[in-house]
Structures are given as C-alpha cells and as structure tokens.
**Q** 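I'd like to ask you about the structure that follows.
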Number of protein chains: 2
Amino acid sequence: MSSDPLGFAPHDHTRCVQSALAEVVRLCAERGVQMTPVRRRTFEILLEEHTAMGAYDVLARLDAEGLGSKPPVAYRALGFLVDQGFAHRIERLNAFIACAHPGADHNPAFMICRTCGTVAEAAAGHGPLGASAALAGFQIEQTVIEAEGLCPLCQTPETAP
Amino acid sequence: MSSDPLGFAPHDHTRCVQSALAEVVRLCAERGVQMTPVRRRTFEILLEEHTAMGAYDVLARLDAEGLGSKPPVAYRALGFLVDQGFAHRIERLNAFIACAHPGADHNPAFMICRTCGTVAEAAAGHGPLGASAALAGFQIEQTVIEAEGLCPLCQTPETAP
DNA sequence: CGCTTCCTGTTATGTTATAACATACATAGT
DNA sequence: ACTATGTATGTTATAACATAACAGGAAGCG
Ligand SMILES: [Zn+2]
Ligand SMILES: [Zn+2]
Ligand SMILES: [Zn+2]
Ligand SMILES: [Zn+2]
C-alpha cells in the first residue's frame, strides 16, 4: 500500500498536475470514455490546489471561461470524474477534490485541515468497521473516512497561513 | 469497547427508547443543560426508528405537533443534541440519528444500509488514519467513518423490505 | 425592579443538488 | 443520403439542506 499523504509538505506541483492529467487522459482512452473539454477543464481546476472545491466554485470558473454556467454542467462533469475515480467527493465539506492516485485501486481516506483547507488523501482499507461489520453481517460496499484536524504547518502558529 | 452494532437485528425497541431517553434526561441534569419540550420531542422522533432523518423531516413532525414550523427550530434542537452527544450527524445522508450509547465516550462509526436505510452505530477509534496521520504530522481532532452497504436482512431478497 | 442568559419564533436568504426536457453531434447500420 | 442510437451538453425550474439576523418571552439574580 503506497501510502503517500501528499498535500501537506511542498512538492513539485506542476509535475504533480501534469502527471495526473496525463494519467487520466490515458485511462479515458483505455476505458473508452471521453475526456471532453468541460471534463478536462473541471479536472484541471480541481488539480490547481490540494483543497476541495464546491461545485458552485468550480462552476464559477467554468462560467468565466465560457464552458458552462448552469449547475448541471458542473455536477455532471464532477460526477463523471468521481465515477471514473479521477476525483473524490468530500462528504464533510460537500466538495470535491482531484484524486492523488488516479486509476489506482483505492478506497481513499482523507485528512482535512480545518485551518488552511488542505486535503490529503491516504490509502485505507475499509477502516475499523471490518470487524463490526462482519460481526453484524453487514456487507460493506463503500466507506467514507474523513479526518478533520490540523496539518503540520497549521500546528505551529508562526508558519500557519 | 462495547461494540454493539444495534439497529440491524430485532430488539426490544420500546425499552431501547426508554433507556436512551432516561439516560439523556439524566445527563442533561448532570451537565446543567435544559431538556426542553422541543429538544425532548426531537430526540424522541429520532429514536423512533434506527434510521437517519433529515432536518426537514424532523421539522415536519414537530410542526404537526405544534412545536415549531421554521427550519431554525429543527436545526437548533438537532444542533443541541449533536453538541451533547445525544445524536449524530450522518454526513453521507445530510441527516441525523439518535445516538445508540448516549453519554458514552465515543468516536462513532456507522453502517448504513442503502436499501432499507437502517443505520447502525459501532465503536471506532480514529480509524486507519492514525498511522498515516502520525506519519504526515497531521493532528486528528475528529473523524467521520461511514460505511454504506447491505444490512443482513437486505442481503437476502426474500426477507428484504 | 433592572439585568443577564437562555430558549424560542420568525423573516429572509444562502447554499447545495437534481429532475426534466431540449438540443447537438458523432458513429453505425441500411 | 438517411435514420437510428448513444453520448454529451444546454437550459429551466425546483427541490433539499442550512444559517444569518433580529424580536420576544421566561427564569434567575443582584
Ligand atoms: Zn501537488
Ligand atoms: Zn493547514
Ligand atoms: Zn431500538
Ligand atoms: Zn437493509
């Protein structure tokens, strides 16, 4: 399990963006689904920062670029990205974030900084529920795991944004 | 950790309701907070079924009983219950559920049946994020753990509701 | 009584999400 | 060429969820 909690800690973000984009383009071809302009731009917008964006924030960006102005446009593009595993919905925030490892088989877990809004994705199994679920006879299909707290930078007041 | 995934499997629900109610009344007295009619009735409504209810569903019930008709009434009562640990918010459903173990020190995890809507509460630590978080230097304050799937009854088509 | 605190009532609005229908465009079969 | 089909987009309208802000009432206390 390549646990790579990207997001906190600096990194070459230009590369980070380029590789993610290249990977999803490749996956779309492989899967026979279309990476259309709206979908591509939506993904790029999500990739800009390692923070989650609300659908309406994404929509505002798309609108400014003439790619659509009505809610369904954004929700459809985001839905596509989520369905393909290229983005994730953060339930706690009612928002969306680009996947850190598109294509990789994953059941993601997230760490959300309540101060700076940075969201890091980590690998997770089905969490601590496996045992309880087995005991109760519950068949898990999907698990939401989202931790809220303080990222390394925001723990020290001096370096906090 | 008294893992008691109540909710699935039949039980004496009348007792289940009575003990929860008695416990929260006791806790309110102990903490010096008020269990007012609106709050009490809201809690009772949540207790009726082991499913999550939307704020507006709760409000409709309160309204029918003359206890309040405007959203803030329901949101305030639900907010009180959540703050006191008497109820939980299910992020995935934008809904609320009565706590299975009011007063107990807990970081709850939930199993949500996508067919019948039953929600069971189980005990959880901070989930599988502990390791990743420690590694990344992230300080967890609160964790959302919600599994969606099929409850025991809904796995066998014959017995499903 | 005057004051504070907590709870409730109400108005208005903000935010997030989807149903439903119409249009465009490509590709495949006839 | 022409029609059918599938997929994506455009648009309207509305549903569903949530809170800001202010007004009033009841309880406790100097
Ligand atoms: Zn990056
Ligand atoms: Zn931070
Ligand atoms: Zn019960
Ligand atoms: Zn079920």
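Labels below follow one simple rule: chain letters A, B, ... track the order of the sequence lines, proteins then strands, and each chain is numbered from 1. Predicted model only: the values in this text are computed from it and were never measured.
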**Q** If you walk 5' to 3' along DNA chain C, what is the first nucleotide with an atom under 4.0 Å of a heavy atom in chain B, and what is the last?
**A**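 Contacts span C:dC6 to C:dT11, reading 5' to 3'.
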**Q** Taking the six-membered ring where the residue is Trp, are the ring centres of A:His88 and A:Phe110 under 6.0 Å apart?
**A**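 They qualify: ring centres under 6.0 Å apart.
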**Q** Between protein and nucleotides 22-24 of chain D, what N or O pairs are separated by less than 3.5 Å?
**A**
none

**Q** If I compare all heavy atoms of A:Gln34 with all of A:Arg39, which pair ends up nearest, and what's the gap?
**A**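 Minimum heavy-atom separation between A:Gln34 and A:Arg39: O-NH1, 2.8 Å.
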**Q** Salt bridge between A:Arg92 and A:Glu146, side-chain N to carboxylate O under 4.0 Å?
**A**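 Between A:Glu146 and A:Arg92 there is no salt bridge, as every charged N stays at least 4.0 Å from the carboxylate O atoms.
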**Q** Scan residues 87-94 of chain B against DNA chain D and write down, sorted by residue number, each residue with any heavy atom closer than 4.0 Å; if none is found, say none.
**A**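 Correct list: B:Arg89, B:Asn94.
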**Q** In residues 60-73 of chain A, which ones come under 4.0 Å of DNA chain C, going by heavy atoms?
**A**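 Within this stretch, A:Pro71, A:Pro72 sit under 4.0 Å of the strand.
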**Q** Where along residues 27-46 of chain B does a heavy atom fall under 4.0 Å from DNA chain C?
**A**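 Output list: B:Gln34, B:Thr36, B:Val38, B:Arg39.
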**Q** Take the protein atom CZ of A:Phe80 and the nucleotide atom P of D:dA8, then report the distance between them rounded to whole Å.
**A**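 After rounding, the reported distance stands at 7 Å.
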**Q** Please say whether more than 12 non-hydrogen atoms of neighbouring residues, nucleotides or ligands are located less than 6.0 Å from CZ in B:Arg15.
**A**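 Not buried by this count: 12 neighbours or fewer within 6.0 Å.
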**Q** Do B:Gln84 and B:Val24 touch side chain to side chain, with heavy atoms closer than 4.5 Å?
**A**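 No, side chains not in contact.
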**Q** Could you go through A:Leu129 and B:Met111, starting from their C-alpha distance and side-chain angles, then the distance that decides it, and tell me whether this counts as side chain to side chain contact (heavy atoms under 4.5 Å, CB included)?
**A** CA-CA 8 Å; A:Leu129 278 169; B:Met111 291 178 273; 4.1 Å; yes
**Q** So, B:Glu48 and B:Arg61, do they make that salt bridge, N to O below 4.0 Å?
**A**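 Here B:Glu48 pairs with B:Arg61 in a salt bridge, since their nearest N and O are under 4.0 Å apart.
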**Q** Looking only at heavy atoms, which two atoms of B:Ala147 and A:Thr143 are closest? And how far apart?
**A**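 The pair with the smallest heavy-atom distance is CB-OG1, 3.9 Å.
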**Q** Whether B:Tyr75 contacts D:dA18 is assessed here as follows: a side-chain N or O lying under 4.0 Å from the phosphate OP1 or OP2. Is that the case?
**A**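 Affirmative; the distance criterion is met.
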**Q** Could you tell me whether the side chain of A:His13 and the main chain of A:Leu47 form a donor-acceptor pair under 3.5 Å?
**A**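 Yes: the side chain of A:His13 pairs with the backbone of A:Leu47.
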**Q** Can you list the steps and then say if B:Leu27 with B:Phe86 is a side chain to side chain contact (heavy atoms under 4.5 Å, CB included)?
**A** CA-CA 10 Å; B:Leu27 285 165; B:Phe86 301 159; 3.8 Å; yes
**Q** Measuring from atom CD1 of B:Ile112 to atom CG of B:Leu93, what distance do you get when rounded to the nearest 0.5 angstrom?
**A**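 It comes to 4.5 Å.
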**Q** Take A:Val33 and A:Phe80 through the side chain to side chain contact (heavy atoms under 4.5 Å, CB included) test and state the conclusion after the steps.
**A** CA-CA 10 Å; A:Val33 296; A:Phe80 169 83; 3.9 Å; yes
**Q** Stepwise, does the side chain to side chain contact (heavy atoms under 4.5 Å, CB included) test hold for A:Ile145 with B:Val144?
**A** CA-CA 6 Å; A:Ile145 301 175; B:Val144 173; over 6 Å; no
**Q** Going by the ring-ring contact (aromatic ring centres under 6.0 Å, His included) test, which pairs reach into residues 127-151 of chain B, not counting sequence neighbours?
**A**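 Checked against ring-ring contact (aromatic ring centres under 6.0 Å, His included) - neighbours excluded - the pairs reaching residues 127-151 of chain B are A:Phe8-B:Phe138.
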**Q** Between the main-chain N or O of A:Glu148 and the side-chain N or O of B:Gln142, is there a donor-acceptor pair closer than 3.5 Å?
**A**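 A pair under 3.5 Å: no.
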